[in-house]
Amino acid sequence: MSNEIEIGRGKRARRVYTFDEIGIVPTRRTRDPELVSTAWSIDAFQFEIPVLGAPMDSVMSPATAIELGRLGGLGVLNLEGLWTRHEDPEPLLAELAGIRDEVAAVKRMRELYAAPIRPELIRARLGEIREAGVTVAGALSPHRTAQFTETVVAAGVDLFVIRGNTVSAEHVAREGRETLNLKEFIYQLDVPVIVGGAATYQSALHLMRTGAAGVLVGFGGGASSTTRATLGIRAPMATAIADVAGARSDYLDESGGRYVHVIADGGLGTSGDLIKAMACGADAVMLGAALAKASDAPGRGWHWGQEAHHEDLPRGRRMAVEAVAPLAEIVNGPAHVADGSANLVGALRRAMATTGYSELKSFQRIGIVYAER
C-alpha cells in the first residue's frame with residue numbers, strides 16, 4: 001500500500017512521521033537495567049553513552065566538552081564560534097546572557113561573531129581538551145572546512161565533524177568559488193569524519209559513499225532553528241532516521257561490510273525522543289537544547305546556533321532555556337524532575353531493560369507503533 005497522499009490534483013506527498021506519533025513496544029522479555037549496555041564505538045573510539053554534545057556555543061565550551069567526555073560521551077567543539085574568535089569568551093557569554101531584548105542580542109552576536117577565526121585559538125582549545133585525556137572532536141561548516149582543516153588536524157583532533165543545515169556530496173557553486181569535494185577530502189584525511197545533515201535515503205547514501213565514518217540525520221529541526229518557517233524545509237525525525245538507517249543497511253551490502261554510523265541531530269528534546277531515535281535506527285544522538293539546559297552550560301540559560309546571527313537570512317533564534325540540573329545529572333542522573341529533561345541515559349537504559357534489550361544494536365530492531373494524534 002502506498003504511503004502517498006494527494007495534496008491536490010497536481011501534487012502528491014509522502015506520509016512521514018514525527019517522534020510524537022510513534023512509540024516503542026515491549027517484548028516478552030524484561031531485564032534489570034544494570035544488565036544493559038549503552039556503549040557504542042565509531043572507528044577506533046569507544047564511548048560508554050551514545051551522546052554527542054552539539055557544536056554550539058551555548059552547549060559546548062572546552063570545559064563542557066571535557067566534562068561530557070568524562071561522563072562517557074563526546075563533546076564536539078564549534079571551531080567557528082566564540083572560543084576560536086576571542087581570547088576569553090566567558091565575559092562575552094555573560095554579556096549576551098544579560099541582554100533580554102532579542103533585536104539587541106542578535107546585533108551584539110553579529111558583532112562578536114564578526115571577529116576573525118584565529119588558528120592559534122583552534123590549536124589552544126583542542127589542545128586543552130586533549131590534555132584532559134578525553135576524545136577530541138571539533139566541527140566546521142562546509143564552507144570553512146578547506147580553510148582550516150590543516151590547522152584542525154595538526155592540533156590533534158580525533159574525530160572531525162562537517163556540520164551544516166544540509167550537506168551534500170554534490171554541491172554546485174557559482175563560478176569562481178571553490179567547492180568541497182567530500183570524497184576526495186575525506187580520502188586524504190587521516191582522521192574519521194562525521195558529516196551532515198542529511199534527511200533522505202538518497203542523500204545519506206551519497207554521503208556514505210564519500211567514506212564518512214558517520215552521517216548526521218536531520219536539518220532545520222532543532223529547538224533553536226526556524227528553517228521550517230523561513231525556508232519551508234522540514235524533515236520529521238522518525239522517518240528521516242529510519243530512511244537513513246535503511247541507506248546504512250544497503251550501503252553495508254554495497255560496500256562489502258563497511259558500517260557507517262547514523263547520528264540523530266535535532267528535534268531531540270526529551271529522553272523519550274532520544275529513545276525513539278535509537279529505536280528508529282540511530283547509533284547515537286547529538287544533543288543541543290537538551291544539554292543547554294544544564295546549569296553549567298556556557299549559554300547561561302540561553303541557547304542558539306550559527307543561523308541565529310546570519311547576516312542575510314537568520315534561520316534560528318536565541319531561545320531561553322530553564323536550567324534543570326548540572327550536566328552530569330542531565331546526562332547520567334539521578335533525575336529530580338519527571339519531564340524527560342534529566343537522566344537521559346538512565347531513561348534509555350530503563351527503556352531497553354523494560355523492553356528486553358541489552359545492547360543498542362539489538363534495540364534498533366524493537367517494534368514501533370504509530371498512534372495518530
Before giving the answer on side chain to side chain donor-acceptor pair (under 3.5 Å), spell out for Glu48 and Thr38 the whole-Å C-alpha distance, their side-chain angles and the decisive distance to 0.1 Å.
CA-CA 6 Å; Glu48 290 303 310; Thr38 59; over 6 Å; no

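- The only member of Leu327, Ile66, Val345 that meets side-chain contact (heavy atoms from CB on, under 4.5 Å) when paired with Leu71 is Leu327.
- Looking only at distances, a side-chain donor or acceptor of Thr27 sits under 3.5 Å from a matching main-chain atom of Thr355.
- Leu189 and Tyr187 sit in two unconnected hydrophobic clusters of ILVMFWY residues. Membership requires side-chain heavy atoms under 4.5 Å apart, directly or through other members.
- Under the 4.5 Å side-chain contact rule for hydrophobic residues, Val191 and Ile194 share a cluster.
- Between the side chain of Thr84 and the backbone N or O of Leu79 there is at least one donor-acceptor pair closer than 3.5 Å.
- The nearest pair of heavy atoms linking Ala325 to Ile330 is O-CD1, 3.7 Å.
- Taking each heavy atom of Ser141 and Ile162 in turn, the nearest pair found is C-CG2, 4.5 Å.
- Placement of Ile129 and Ile117 within a single hydrophobic cluster is found when ILVMFWY residues are connected by side-chain heavy-atom separations under 4.5 Å, directly or transitively.
- At a threshold of 4.5 Å between non-hydrogen side-chain atoms, the residues Met208 and Val244 count as touching.
- Of all non-hydrogen atoms in Ser358 and Leu35, the two that sit nearest each other are CB-O, 3.9 Å.
- Considering NE2 of His86 and CG of Leu121, their distance stands at 9.5 Å, rounded to 0.5 Å.
- Using a distance-only test at 3.5 Å, with no hydrogens or angles considered, a donor-acceptor pair links the side chain of Ser362 to the main chain of Glu359.
- In this structure, the separation between CD1 on Ile241 and CD on Gln364 is 10.5 Å, given to the nearest 0.5 Å.
- The shortest distance between side-chain heavy atoms of Phe45 and Leu159 falls below 4.5 Å.
- The main-chain N or O of Trp40 is never found under 3.5 Å from a side-chain atom of His261 such that the two would form a donor-acceptor pair.
- Side-chain atoms of Thr64 come within 3.5 Å of backbone N or O of Val59 as a donor-acceptor pair.
- Of all heavy-atom pairs between Leu82 and Leu93, the closest is CD1-CD2, 3.8 Å.
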Step by step, would you call Val193 with Val161 a side-chain contact (heavy atoms from CB on, under 4.5 Å)?
CA-CA 6 Å; Val193 176; Val161 178; over 6 Å; no

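- The distance from the OG atom of Ser61 to the CG atom of Asn78 is 11.5 Å, given to the nearest 0.5 Å.
- When every heavy atom of Val157 is checked against every heavy atom of Gly138, the shortest pair comes out as CG2-N, 3.7 Å.
- Between Phe185 and Phe160, the two ring planes are tilted [angle within 30° to 60°].
- Residue Arg29 qualifies as open at atom CZ: its count of foreign heavy atoms under 6.0 Å is 12 or below.
- Using a distance-only test at 3.5 Å, with no hydrogens or angles considered, no donor-acceptor pair links the side chain of Arg350 to the main chain of Leu348.
- A cation-pi geometry, defined here as NZ or CZ lying under 6.0 Å from the six-membered ring centre and within 45° of its normal, does not hold between Arg318 and Trp304.
- A distance-only check finds no donor-acceptor pair linking the side chain of Arg123 to the backbone of Val152 [under 3.5 Å].
- A salt bridge links Glu4 to Arg12: at least one charged side-chain nitrogen sits closer than 4.0 Å to a carboxylate oxygen.
- Taking OG1 from Thr354 and CD1 from Ile24, the interatomic distance works out to 8.0 Å, rounded to the nearest 0.5 Å.
- Counting heavy atoms from C-beta on, the side chains of Lys361 and Asp283 come closer than 4.5 Å.
- Note on Arg15 versus Glu21: salt bridge recorded, some NZ/NE/NH1/NH2 to OD/OE distance being below 4.0 Å.
- With hydrogens and angles left out, the side-chain atoms of Asp339 and Ser341 include a donor and acceptor closer than 3.5 Å.
- Contact of the Glu90 side chain with the Trp83 side chain is registered, since non-hydrogen atoms from C-beta on lie closer than 4.5 Å.
- In this structure, Asp158 contributes its side chain and Val136 its backbone to a donor-acceptor pair below 3.5 Å.
- Between Ala297 and Leu291 the shortest heavy-atom distance is CB-O, 3.8 Å.
- Electrostatic pairing of Lys11 and Glu6 does not count as a salt bridge here, judged by no charged N lying under 4.0 Å from a carboxylate O.
- Proximity of Glu150 to Pro119: side-chain heavy atoms (C-beta onward) are nowhere separated by under 4.5 Å.
- Side-chain contact check for Arg258 versus Leu252: every heavy-atom pair is 4.5 Å or farther apart.
- Taking CE of Met286 as the reference point, atom CG of Asp265 lies at 5.5 Å (rounded to 0.5 Å).
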Would Arg118 and Glu120 count as a salt bridge (Lys or Arg N to Asp or Glu O under 4.0 Å) here? Give the steps.
CA-CA 5 Å; Arg118 296 162 55 182; Glu120 70 274 16; 2.8 Å; yes

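- For Asp273 (side chain) and Gly269 (main-chain N/O), a donor-acceptor pair under 3.5 Å exists by modelled atom type.
- In this structure, Val331 and Ile49 have side chains that are in contact, with non-hydrogen atoms separated by less than 4.5 Å.
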Take Glu34 and Arg349 through the test salt bridge (Lys or Arg N to Asp or Glu O under 4.0 Å) and record every step on the way to the result.
CA-CA 8 Å; Glu34 293 78 14; Arg349 188 175 285 110; over 6 Å; no

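- Side-chain contact check for Leu77 versus Pro62: some heavy-atom pair is nearer than 4.5 Å.
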Go through it in stages, so that I can follow the logic: the residues are Tyr251 and Arg209, the test is side chain to side chain donor-acceptor pair (under 3.5 Å), and I'd like the CA-CA distance, side-chain angles, deciding distance and then a yes or no.
CA-CA 8 Å; Tyr251 181 69; Arg209 288 169 176 163; over 6 Å; no

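- Trp302 CH2 to Leu96 CG: the interatomic distance, rounded to the nearest 0.5 Å, is 10.5 Å.
- At most 12 heavy atoms of other shown residues, nucleotides or ligands fall within 6.0 angstrom of atom NZ in Lys107.
- Under 4.0 Å is where a charged nitrogen must lie from a carboxylate oxygen, and between Arg108 and Glu111 at least one such pair does.
- Val16 and Leu205 fall into different hydrophobic clusters, where Ile, Leu, Val, Met, Phe, Trp and Tyr residues are linked whenever their side-chain heavy atoms come under 4.5 Å apart, directly or through other members.
- Counted by atom type alone, Tyr113 and Asp57 present one or more donor-acceptor pairs between their side chains at under 3.5 Å.
- Between Asp243 and Arg14 a salt bridge is recorded (basic side-chain N to carboxylate O distance below 4.0 Å).
- Judged purely by atom type and a 3.5 angstrom limit, Lys276 uses its side chain to pair as donor or acceptor with the backbone of Phe19.
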